[in-house]
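Right, one structure below, let's go through it.
Atoms considered below: every heavy atom in the structure, side chains included; atoms not considered: hydrogens, waters and symmetry mates.
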Amino acid sequence: MLTILQEQENYTVYELTFQRDGLQIYGNLYLPRSDAPSFPTVMIGHGFGGSYSEMAFYAAVLAENGIAGYVFDFCGGSSGSRSDGDTRQMSVLTEKRDMEAVLDGLKGYAFVDENKLFLMGESQGGLVAALLGEERTDDIRGMVLLYPALVIPDDARDEYPNREDIPDIGNRFGIAVGRGYFEDVWDMDVYEEIGKFDKDVLIIHGS
């Protein structure tokens, strides 16, 4: 259900939630104010330890330009997440399932132009978007990746050269994460995973 949070001159902000495996995914939809029947739509995933609010600026800019933007909190994505879940149950792969639930949920709304659905992600969210885009190529028109953290699997192997060394509870940048955070990516070959997406991709990395 769409609940109005804010009205601007060129767009309206709605609260819009989705579900994944019994967990609620909290998000805000920035919808252009226009007579158009549907809009290009961008799903925007935040980085590790972040939240939807940090990505709201991008959604607002998109909406100002006639493109719907949806920002959301990954389940367990941070201690301040408004989505369900705990950081100790979060991993790149659980976040991919979150973003896929958002994708499938948004496709059910008439305001979405299903031929113009895009993924956008920052840092860890960029890796998540790249992995999902590879799997759902038929549904995704293109991607925008903001300094995507493609090094996460390498970092996991550097920190724990042997899989059996991975602890039940670890630490990542001061945030408690579970064994699954490292184990889910430990044997991942990122470039093999994402190398077959043959549509438009914009990568922004650096100053």
Side-chain angles (χ1 to χ4, degrees), residues 17-28 43-56 58 70-104 119-136 143-195 197 201 203-207:
T17 62
F18 296 104
Q19 296 283 324
R20 190 267 292 171
D21 299 333
L23 300 173
Q24 178 174 273
I25 299 170
Y26 179 87
N28 287 178
M43 290 151 278
I44 306 172
H46 62 77
F48 180 87
S51 76
Y52 77 97
S53 60
E54 296 168 7
M55 309 305 290
Y58 297 105
Y70 183 73
V71 291
F72 64 98
D73 276 350
F74 287 113
C75 292
S78 72
S79 59
S81 175
R82 294 188 63 178
S83 293
D84 291 341
D86 186 287
T87 59
R88 291 168 294 182
Q89 280 81 53
M90 173 272 297
S91 74
V92 167
L93 297 187
T94 66
E95 291 194 348
K96 185 178 76 167
R97 294 200 295 274
D98 293 341
M99 187 173 273
E100 185 165 29
V102 169
L103 169 61
D104 290 333
L119 299 179
M120 180 174 174
E122 171 204 54
S123 192
Q124 179 166 298
L127 173 57
V128 171
L131 292 170
L132 180 59
E134 176 78 8
E135 285 191 5
R136 298 291 295 270
M143 294 189 287
V144 179
L145 309 179
L146 305 176
Y147 43 96
L150 307 183
V151 299
I152 288 176
D154 291 330
D155 287 347
R157 288 186 288 268
D158 286 345
E159 191 162 351
Y160 302 107
N162 300 302
R163 184 191 289 267
E164 56 269 25
D165 294 334
I166 300 173
D168 290 336
I169 301 296
N171 185 289
R172 197 73 177 147
F173 304 118
I175 295 175
V177 294
R179 180 182 181 86
Y181 181 82
F182 301 100
E183 197 164 51
D184 280 359
V185 296
W186 195 85
D187 58 0
M188 180 184 291
D189 182 335
V190 168
Y191 297 101
E192 180 63 28
E193 293 280 348
I194 69 174
F197 187 82
V201 179
I203 299 176
I204 300 172
H205 204 125
S207 57

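At a threshold of 4.5 Å between non-hydrogen side-chain atoms, the residues M188 and L93 count as touching. Side-chain contact between P148 and I203 is present, with heavy atoms from C-beta onward closer than 4.5 Å. Within the 4.5 Å cutoff, the side chain of L150 has heavy atoms near those of the Y191 side chain. Using a 4.5 Å cut-off on side-chain heavy atoms (C-beta onward), M90 and F48 make contact. Contact of the Q24 side chain with the Q19 side chain is registered, since non-hydrogen atoms from C-beta on lie closer than 4.5 Å. Annotation: side chain of L132 is not in contact with side chain of V128 (no heavy-atom distance under 4.5 Å). Residues E134 and E193 form no side-chain contact, since every pair of their non-hydrogen atoms from C-beta on lies 4.5 Å or further apart. The side-chain heavy atoms of R179 and R163, taken from C-beta on, include a pair separated by under 4.5 Å.
No option in Y70, Y52, Y58, F74 other than F74 meets the ring-ring contact (aromatic ring centres under 6.0 Å, His included) test with H46. Just one residue in the list D98, D73, D104 forms a salt bridge (Lys or Arg N to Asp or Glu O under 4.0 Å) with R20, and that residue is D98.
The backbone N or O of G178 sits nowhere less than 3.5 Å from a side-chain atom of R88 that would complete a donor-acceptor pair. No side-chain donor-acceptor contact under 3.5 Å links S83 to the backbone of L23. Within the 3.5 Å criterion, the main-chain N or O of S81 finds no donor-acceptor partner in the side chain of S51. Formation of a donor-acceptor pair under 3.5 Å by the T94 side chain with backbone atoms of S91 is found in this model.
For R172, the CZ atom is densely surrounded, since the number of other residues' heavy atoms within 6.0 Å is greater than 12.
Between the side chains of Y26 and N28, at least one donor N or O lies within less than 3.5 Å of an accepting N or O.
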